[in-house]
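Step one of this worksheet: look at the structure below.
Every chain is numbered from 1 and lettered A, B, ... according to where its sequence line falls, protein lines coming before strand lines. Quick caveat, the model's predicted, so the values are computed rather than measured.
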2 protein chains.
Amino acid sequence: MKFSAQEEYGIRFLISLGKAYYSGKGKTIPEISKSEGISQHNVAKLLRVLRLGGFLESERGHTGGYTLSRPPEEINIGDVMRTLGGKLFDEEFCKHHSGNNSFCAHSIDCSTRGLWMLIQNAVDNVINNLTLRDLLGPEKQLVKKKTNPAKSIAL
Amino acid sequence: MKFSAQEEYGIRFLISLGKAYYSGKGKTIPEISKSEGISQHNVAKLLRVLRLGGFLESERGHTGGYTLSRPPEEINIGDVMRTLGGKLFDEEFCKHHSGNNSFCAHSIDCSTRGLWMLIQNAVDNVINNLTLRDLLGPEKQLVKKKTNPAKSIAL
DNA sequence: GTCAATCTTGACAAAAATGTCAAGATTAAA
DNA sequence: TTTAATCTTGACATTTTTGTCAAGATTGAC
C-alpha cells in the first residue's frame, strides 16, 4: 500500500500553484522543475494529468504557464487523489481475483474485499473533507485541524 | 494509492489458513494454489514472506504444509499489512523529495507530508484495531462491526 | 515577421514490481 | 531404503510504473 510517484508529485505541484494563486498568478514548468528538483519533461507530463483532470489551466507562449482553474478552497483533495492514482479499491478487483472456484468467493462474500472497503472508507473520510486550501497553511495546522475529525468530518 | 499484489494475496492466504486453523490444522501450497487460482510457485513465494514475518509456520515432508503460528485473534492486521507492503509513509520520504531548495521544504514544514500522515493515521486506526479473526466471519459482519469506530477504536 | 519562450504530444528507455522456473532439501510412508 | 510428497531458495522472465527524449505548436515581445 503505497502512494504512487504521480500522486506525490501531483499534490506537491498543486500546493506550489495554490500558493502562487493568491500572491500572483501561476508558474511555469521550468520554475516548478527547479523548485521541486524534477526534470522539466517529467513536470510537464504530470501537470498534463492535472490539467486533463480539470484542476489546472495552461497557456502557451512567451508569458504562458500553469494556473489553478479555480480557487484552492474549491479543489477537493479526494478528487485530486482519484485523478492522480485511481481508486484504492475497484469493482474490477473481484473479476481479477476470483480464483479457480466456480463459486467466486468474492461475489457473494469476501472478507478481503470487506477489509479493502474499510480502509478505503477511512481514507475517503479524510481526503473528501479536505480542500487544497487546507494544504496551503503550516503542517501543524493541518494535522491539528483534522486529527480530531468529530467536528468537520461527517459519517 | 494502491494495494500491492503481495498485500492482496497475503491477506487472502491468511484468511484461508485462518479458517483451517479452527477446523483442522493447515494447508499445503498445492491446496492454496488450487483454491485461489495462483501458481504454486507464486504461492510459495508469498507464503514465505508471511512465514518470515512470523505469522506462519511450515513443515516439510509428506505430511507437511503451512499453519498459523498462533490463533487468528492474536494476529494483528496492521502488523500483517506492514510486513506485506511496508509503511504507507516513511521517514525516508523527505530524503528522496527534498527538491533543489537548500531549505528543504519538508524538513521544517511540509503539507504533503501532513496529508500523507493524516491518511496513514486513518488507515492505521482501522488496521491496528483488527485481527485476523475479524476477517474470518461474513463480510457484512466486518463492515458492521467497524464502520462505527467509536466503540472499538481508540484515538 | 522573427525570435525566444512557453506548453503539447507520442515514442522510447530505465527501473521496479510481479510472476515463473529449476534445482535442491526435508519428511513420512511403504 | 526407496519413493513420493512436501517446502526452500536463488535466478530469471514478464509486466507495469516511472522517467526521458525529440519534434512540434502556440504566444508575446521586438
Rounded interatomic separation in angstrom, taking CD from B/Gln40 and P from D/dT9: 17 Å
Is it the case that atom CZ in B/Arg133 sees more than 12 heavy atoms from other parts of the structure closer than 6.0 Å? no
Distances under 3.5 Å between protein N/O atoms and the N/O atoms of nucleotides 12-18 of chain D, please, pair by pair.
unit_1, atom_1, unit_2, atom_2, d
D/dT18, OP1, A/Ala5, N, 3.2

Between C1' of C/dT18 and CD of B/Glu8, the distance in whole Å: 12 Å
Would one find a side-chain N or O of B/Arg51 under 4.0 angstrom from OP1 or OP2 of D/dC7? no
Would you compute the distance between atom CD1 of B/Ile29 and atom OH of B/Tyr66 and round it to the nearest 0.5 angstrom? 5.0 Å
Would you tell me if any nitrogen or oxygen in the side chain of B/Ser39 comes within less than 4.0 Å of OP1 or OP2 on C/dT20? yes
Please tell me if the side chains of B/Ile75 and B/Arg70 come closer than 4.5 Å, counting only heavy atoms from C-beta onward. yes
Which heavy atom of B/Arg51 sits nearest a heavy atom of B/Ser58, and at what distance? CD-OG, 3.4 Å
Would you list the protein and nucleotides 27-30 of chain D atom pairs, both N or O, that sit under 3.5 Å from each other?
unit_1, atom_1, unit_2, atom_2, d
D/dT27, O2, A/His62, N, 3.0

Please round to the nearest 0.5 Å and tell me the distance separating atom OG1 of B/Thr83 and atom CD of B/Gln6. 9.5 Å
How many whole angstroms separate atom CD1 of B/Ile29 from atom P of D/dA4? 20 Å
Interatomic distance, CG@A/Leu132 vs CZ@A/Phe55, rounded to 0.5 Å, equals 10.0 Å
B/Glu36 CD to C/dT18 C1', straight-line distance once rounded to whole Å: 17 Å
Please produce a list of atom pairs where a protein N or O lies less than 3.5 Å from an N or O of nucleotides 21-23 of chain C.
unit_1, atom_1, unit_2, atom_2, d
C/dA22, N6, B/His41, ND1, 3.4

Rounding to an integer number of Å, can you tell me how far B/Leu46 CG sits from C/dA17 P? 14 Å
Here the pair of heavy atoms bringing B/Glu31 nearest to B/Gly26 is OE1-O, 4.4 Å
How many whole angstroms separate atom NZ of A/Lys2 from atom C1' of C/dA17? 13 Å
Tell me the interatomic distance from A/Glu31, atom CD, to C/dA5, atom P, rounded to whole angstroms. 14 Å
B/Gly18 and B/Pro72 have their tightest heavy-atom pair at O-CG, 4.2 Å
Which one, C/dT8, C/dT6, D/dG10, comes nearest to the side chain of A/Thr28? C/dT6
Could you grab the distance from atom CG of B/Leu68 to atom NZ of B/Lys19, nearest 0.5 Å is fine? 12.5 Å
Examine D/dC7: is either OP1 or OP2 under 4.0 Å from a nitrogen or oxygen in the side chain of B/Ser58? Give yes or no. no
Less than 4.5 Å apart, side chain to side chain, heavy atoms only: is that true for A/Val80 and A/Ile127? no
So, B/Arg82 and B/Asp124, do they make that salt bridge, N to O below 4.0 Å? yes
Between C/dA11 (P) and A/Arg48 (CZ): distance, integer Å: 12 Å
What are the two closest non-hydrogen atoms of A/Glu36 and A/Phe13, and how far apart are they? CG-CE2, 4.0 Å
